[in-house]
Enquirer: 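There's a structure below that I have some questions on.
Quantities reported herein were computed from a predicted structural model and do not represent experimental measurements.
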Amino acid sequence: MSERPVLLPYADQDFLADPFPLYGKLREDGPVRRVVVAGGLDAWLVTRYEDGLAALSDPRLSSDVRDASDRRLLAQLPETERESMLSNMLRSDPPDHTRLRRLVSKAFTARRVAEMRPRIQAITDRLLDSAAPAGRADLVADFALPLPVTVIGELLGVPVDDQHEFQRWTDRMIMRGAEPPDPAVVNEAWQHMRAYVTDLIRAKRAHPGDDLLSGLITARDEEQRLSEDELIAMVFLLLAAGYITTVNLISGGIAMLLAHPGQLDLLRSDPELLGSAVEEFLRYDGPVSPGIARFAREDVEIAGVTVPRGATVLIASAIADRDPARFPDPDRLDITRQDNAHLAFGHGVHYCLGAPLARLEGQIAIGTALRRLPGLALAVEPDEIRWRSGGLRGPLSLPVTFRPGG
């Protein structure tokens, strides 16, 4: 393994458009590689599937950023909101994580997700009703973006009249464009969102509804409940995990199909393949890149490499999910692929609680778009599409044309 860290050039649109040649070289060079990521932060990149699978379940690797020796990671969080933002499941470890997940699971049930199918379909159809007559659209701004934010807003019980502001603040907090975000803008958005969520929690306590936030407020585990900070942090987490990643899944999935016309034709001819297609989109080019951050509580040996205490470990699902030792012909998009245990939703105790909702939204959105937008094609050259940076993976816009009237 080279002593010099490899720079992951997230300011380079050529890299963002196709990071996989460099990712593949990193995997070939070694199972654990030192890299420099956004902001000049050092990390240890775990590149192979079996090592990544093991690392995601290793209790010596913490999800709590306070275990990182590089204090710049904490400094990236708005100071006034830091404690709240560190009180969610994504950034906690057992036993706190176990308690939080158990409480949230009581409100975020498979039944609740399944019952959302008709509403997700109705939102999808409404958005396409607006887009279809024009014969052209930006499938990010006009479709993939408003769909998940409307779904998560309704799931949480955000009033319809508030959803525009809700989306604007969320965009500023968690969206990642081609350029690094302005910390002052992010901090201001967090403050607005915290004030709004605090007021919404107060209103739901007084007048609970049949929504996820009301369920989180009343969820109990024996005598334990979510604290105020934990409730606010949980709303932020649901936004981050249930919003932008789903935007990327929908827009990225459609972009993949447009780049692989044979797969597009196959899916149009056999909509029963939607389930396996979404899994393949998640494996082939998932919504998070390069992967999932952990922090070493102690010196940890991974694939024969000693990672020092306090180091940031990036478990590179985007690289591991193309590991030829695990997936035959991994650089080929194959929507019929069946043995597809990808790491896009993580693994172990932190496996994504919202995975069923993301899958459902992806299947409905992509399937309906293909059915209702005949002749779907890119309206720009592929190299004109700009991609997100900062650990998220998806097109910033996706201009398309189609036959109007669908």
Side-chain angles (χ1 to χ4, degrees), residues 81 84-85 87-92 100-124 126-127 144-175 189-220 225-250 287 352-362 364-365:
E81 307 302 323
S84 290
M85 293 168 68
S87 300
N88 66 47
M89 291 188 303
L90 192 65
R91 298 183 185 275
S92 64
L100 292 169
R101 189 174 179 106
R102 187 180 295 128
L103 283 162
V104 176
S105 297
K106 291 176 182 293
F108 200 82
T109 62
R111 177 188 63 81
R112 185 184 290 275
V113 171
E115 288 174 348
M116 293 195 70
R117 177 179 284 275
R119 182 58 187 149
I120 295 171
Q121 185 67 63
I123 297 166
T124 300
R126 174 174 59 78
L127 292 168
L145 180 58
L147 173 58
V149 79
T150 303
V151 170
I152 200 66
E154 291 190 2
L155 186 64
L156 287 167
V158 176
V160 174
D161 290 346
D162 293 348
Q163 286 188 8
H164 177 72
E165 286 295 285
F166 184 79
Q167 178 179 336
R168 186 166 64 89
W169 295 330
T170 305
D171 288 351
R172 293 181 178 184
M173 287 191 306
I174 62 176
M175 297 285 276
W190 276 107
Q191 290 179 23
H192 278 296
M193 184 62 89
R194 181 185 176 90
Y196 177 81
V197 171
T198 300
D199 288 343
L200 186 62
I201 290 169
R202 186 180 300 116
K204 295 293 182 184
R205 279 205 172 100
H207 304 286
D210 184 24
D211 55 72
L212 179 58
L213 182 53
S214 296
L216 291 173
I217 290 168
T218 58
R220 285 183 176 273
R225 301 178 75 164
L226 293 170
S227 70
E228 199 76 4
D229 269 349
E230 288 169 344
L231 273 170
I232 293 168
M234 196 59 62
V235 173
F236 289 163
L237 173 60
L238 290 169
L239 288 172
Y243 169 29
I244 185 58
T245 50
T246 308
V247 175
N248 290 347
L249 170 59
I250 295 168
C352 179
L353 191 65
L357 179 59
R359 287 183 165 113
L360 182 61
E361 289 184 69
I364 291 173

Enquirer: Between Arg117 and Glu361, is there a salt bridge with N-O shorter than 4.0 Å?
Expert: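 Salt bridge between Glu361 and Arg117, a charged N being under 4.0 Å from a carboxylate O: no.
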
Enquirer: Please find the pair of heavy atoms, one from Leu100 and one from Ser92, that lie closest to each other, and give the distance.
Expert: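 Minimum heavy-atom contact is CD1-OG, 3.8 Å.
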
Enquirer: Is there a side chain to side chain contact (heavy atoms under 4.5 Å, CB included) between Arg205 and Leu213? Walk through the geometry before answering.
Expert: CA-CA 9 Å; Arg205 279 205 172 100; Leu213 182 53; over 6 Å; no

Enquirer: Less than 4.0 Å between a side-chain N and a carboxylate O, is that true for Asp229 and Arg194?
Expert: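 Salt bridge present between Arg194 and Asp229.
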
Enquirer: Is there a donor-acceptor pair under 3.5 Å between the side chain of Lys204 and the backbone N or O of Leu216?
Expert: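 No; zero donor-acceptor contacts below 3.5 Å.
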
Enquirer: A side-chain contact here means heavy atoms from C-beta on lying under 4.5 Å apart; do Ile120 and Leu360 qualify?
Expert: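 The answer is yes, as the side chains (C-beta and beyond) meet within the 4.5 Å cut-off.
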
Enquirer: Provide the closest heavy-atom pair for Leu249 versus Gly362 in the form atom of the first, atom of the second, distance.
Expert: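 What the structure gives for the nearest pair is CD2-CA, 4.3 Å.
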
Enquirer: Using 0.5 Å steps for rounding, measure from the CD1 atom of Ile152 to the CG atom of Leu156.
Expert: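 Spacing of CD1 (Ile152) from CG (Leu156) equals 5.0 Å.
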
Enquirer: Output yes when a side-chain donor or acceptor of Gln121 lies under 3.5 Å from a complementary backbone atom of Pro118, and no otherwise.
Expert: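 Flag not set: sc Gln121 to bb Pro118 has no pair under 3.5 Å.
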
Enquirer: When rounded to the nearest 0.5 angstrom, what is the spacing between OG in Ser105 and CE in Met89?
Expert: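 The OG atom of Ser105 sits 7.0 Å away from the CE atom of Met89.
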
Enquirer: Is the number of heavy atoms from other residues, nucleotides or ligands under 6.0 Å of Asp210 CG greater than 12?
Expert: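 No, the 6.0 Å shell around CG holds no more than 12 heavy atoms from other groups.
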
Enquirer: If I take atom CG from residue Leu353 and atom CZ from residue Arg101, how far apart are they, to the nearest 0.5 angstrom?
Expert: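 So the CG of Leu353 and the CZ of Arg101 are separated by 4.5 Å.
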
Enquirer: Between Val247 and Ala144, which heavy-atom pair has the shortest distance, and what is it?
Expert: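 Residues Val247 and Ala144, closest heavy atoms: CG2-O, 3.4 Å.
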
Enquirer: Picking from Ile250, Leu147, Thr124, what satisfies side chain to side chain contact (heavy atoms under 4.5 Å, CB included) with Ile364?
Expert: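 Between Ile364 and the candidates, side chain to side chain contact (heavy atoms under 4.5 Å, CB included) is satisfied uniquely by Thr124.
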
Enquirer: Are Ser214 and Asp211 close enough that a side-chain donor and a side-chain acceptor fall under 3.5 Å?
Expert: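 A donor-acceptor contact under 3.5 Å links the two side chains.
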
Enquirer: Side-chain contact, heavy-atom cut-off 4.5 Å: Leu103 with Met234?
Expert: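 No, their side chains stay 4.5 Å or more apart.
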
Enquirer: For residues Pro208 and Ile217, determine if any side-chain heavy atom of one lies less than 4.5 Å from a side-chain heavy atom of the other.
Expert: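 In short, these two side chains do not touch, never coming nearer than 4.5 Å.
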
Enquirer: Only one of Thr198, Val197, Leu212, Leu200 clears side chain to side chain contact (heavy atoms under 4.5 Å, CB included) with Val235; which?
Expert: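 Per the side chain to side chain contact (heavy atoms under 4.5 Å, CB included) rule, the option paired with Val235 is Val197, out of Thr198, Val197, Leu212, Leu200.
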
Enquirer: Using the side chain to side chain contact (heavy atoms under 4.5 Å, CB included) rule, take Met193 and Ile232 through it: C-alpha gap first, then chi angles, then the decisive distance, then the call.
Expert: CA-CA 9 Å; Met193 184 62 89; Ile232 293 168; over 6 Å; no

Enquirer: Working note: Val149 + Leu145, criterion side chain to side chain contact (heavy atoms under 4.5 Å, CB included); need CA distance, chi angles, decisive distance, verdict.
Expert: CA-CA 7 Å; Val149 79; Leu145 180 58; 5.6 Å; no

Enquirer: Side chains of Arg112 and Thr109, heavy atoms from C-beta outward: is any pair under 4.5 Å?
Expert: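 The answer is yes; the side chains approach within 4.5 Å.
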
Enquirer: Can you name the nearest heavy-atom pair linking Pro159 to Tyr196, along with the distance?
Expert: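 For Pro159 and Tyr196, the tightest heavy-atom pair comes out as CD-OH, 3.5 Å.
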
